[in-house]
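Here is the structure we will look at.
Everything quoted here is computed from the prediction, not taken from an experiment. Sequence lines set the chain letters: A, B, ... in the order given, protein chains first and strands last, and positions in each chain run from 1.
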Protein chains: 2
Amino acid sequence: MDNYIKVFKALSDTTRLKIMWLLMNIDEKICVSEIVEVLEVYQYNVSRHLRILKDANLIEEVKEGKWVFYHLTPINTKFQDLIQKSIHSIPESEMRKEMVKCKELLALRD
Amino acid sequence: MDNYIKVFKALSDTTRLKIMWLLMNIDEKICVSEIVEVLEVYQYNVSRHLRILKDANLIEEVKEGKWVFYHLTPINTKFQDLIQKSIHSIPESEMRKEMVKCKELLALRD
DNA sequence: TAATCATATGCGTAAAATTGCATATGACAA
DNA sequence: TTGTCATATGCAATTTTACGCATATGATTA
């Protein structure tokens, strides 16, 4: 039961749920400093929250030079699938501000 | 976002997740003292956990004489639906002991 | 009405999670 | 190799959550 608890616990924090929502709704991996800017949370806290999501097997990291990008863990189980879908079902209206900021940032990437 | 957080927080405790799993998997409402017996948790703690699930809108109560029965909240939103399904997808093997005990108890009800 | 059964809650404590600050690590650029 | 940028982490303080114990509430039965 512990692994399921770990997932729900990982999702029961605003910053972490927002990170997951963004990863579900933009179809891109995203790096730590981008999350910092979009969510307006201190870098050290973003790092910590990402760790918790990773430990719950919700996200994975890819290192690229100085940067560490994060993306959703590919779906392996029915449970994972339904959890991802449940996050996806959270309406964009809950994330309007962050979504605007995120799109702006991604547009400027290159 | 707070209501979504509240749901995930409510589910991130073993006792509460087990209660939800039981409610999903038996097709019955169940009363406090039955949960106490099935999960082997003190009555006062079961009551408190039930309150948290109720406050998260996951369950509802029905009073019948001395007893208070709890059942799942009927599905209103896509999110609720997916959350319920995700709990349902937790394999019975995680709950074998509790499920046996629960079925025994329900069989003795009348 | 008193005793009893089922459930809920106030209060203090223990344990866990989150944060801020300082700083470490690791990669790249000058 | 030194400096800078991106990310991670140790530690202490704070906040939140869970628990045990005692007891309250509310309904039923004797």
For nucleotides 23-30 of chain D, 5' to 3', base contacts (B), sugar-phosphate-only contacts (S) and non-contacts (-) with protein non-hydrogen atoms under 4.0 Å give ----SS--
Test side chain to side chain contact (heavy atoms under 4.5 Å, CB included) on B:E34 and B:R109 and set out the steps. CA-CA 10 Å; B:E34 289 169 330; B:R109 251 184 189 172; 2.9 Å; yes
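- The phosphate of D:dC5 (OP1 or OP2) has no side-chain N or O of A:S33 nearer than 4.0 angstrom.
- Atom NZ of B:K6 and atom P of D:dT16 are 14 Å apart (whole Å).
- Between C:dC21, D:dA18, D:dT7, one nucleotide has an atom nearer to the side chain of B:D13 than all others, and that is D:dA18.
- If you take SG on B:C31 and CD on B:E61, they are separated by 12.5 Å, rounding to the nearest 0.5 Å.
- Side-chain N/O atoms of A:N45 include one lying less than 4.0 angstrom from OP1 or OP2 on C:dG20.
- The phosphate of C:dT19 (OP1 or OP2) has a side-chain N or O of A:H49 nearer than 4.0 angstrom.
- Of the side-chain N and O atoms in B:R51, none sit less than 4.0 angstrom from OP1 or OP2 of C:dT7.
- Using modelled atom types, one finds a donor on one side chain and an acceptor on the other under 3.5 Å when comparing B:Q43 with B:S47.
- When each of B:L17, B:V100, B:L22, B:I90 is checked for a side-chain contact (heavy atoms from CB on, under 4.5 Å) with B:M95, only B:L22 meets the rule.
- A straight line from CD of B:E34 to P of C:dC5 spans 17 Å, rounded to a whole angstrom.
- B:L17 has its CG atom 13 Å from the P atom of D:dA18, to the nearest Å.
- Distance, A:F69 CZ to C:dA27 P: 16 Å, rounded to whole Å.
- For A:Y42, the ring-ring contact (aromatic ring centres under 6.0 Å, His included) partners at least two apart in sequence or on another chain are A:Y44.
- The residue B:K63 sits apart from the nucleic acid: no heavy atom pair falls under 4.0 Å.
- You'll find that the side chain of B:S47 is closest to C:dT9, out of D:dT9, C:dT9, D:dA18.
- Within 6.0 Å of atom NE2 in B:H88, 12 or fewer heavy atoms from other residues, nucleotides or ligands are found, so the atom counts as exposed in its surroundings.
- Counting non-hydrogen atoms under 4.0 angstrom, A:L50 reaches nothing in the nucleic acid.
- Separating the CG atom in A:N45 from the CG atom in A:D13 is a distance of 9.5 Å, to the nearest 0.5 Å.
- Residue B:I30 contributes atom CD1, which lies 15 Å from atom C1' of C:dT7 at whole-angstrom precision.
- If you measure from atom CG of A:L11 to atom P of C:dT18, you get 12 Å, rounded to the nearest angstrom.
- In this entry the distance linking CZ of A:R48 with C1' of D:dT14 reads 13 Å, nearest Å.
- Contact annotation for A:Y70: backbone-only contact, meaning every heavy-atom pair under 4.0 Å involves sugar-phosphate atoms and none involves a base.
- For the pair A:Y42 OH and D:dT7 C1', the interatomic distance rounds to 17 Å; values are reported in whole Å.
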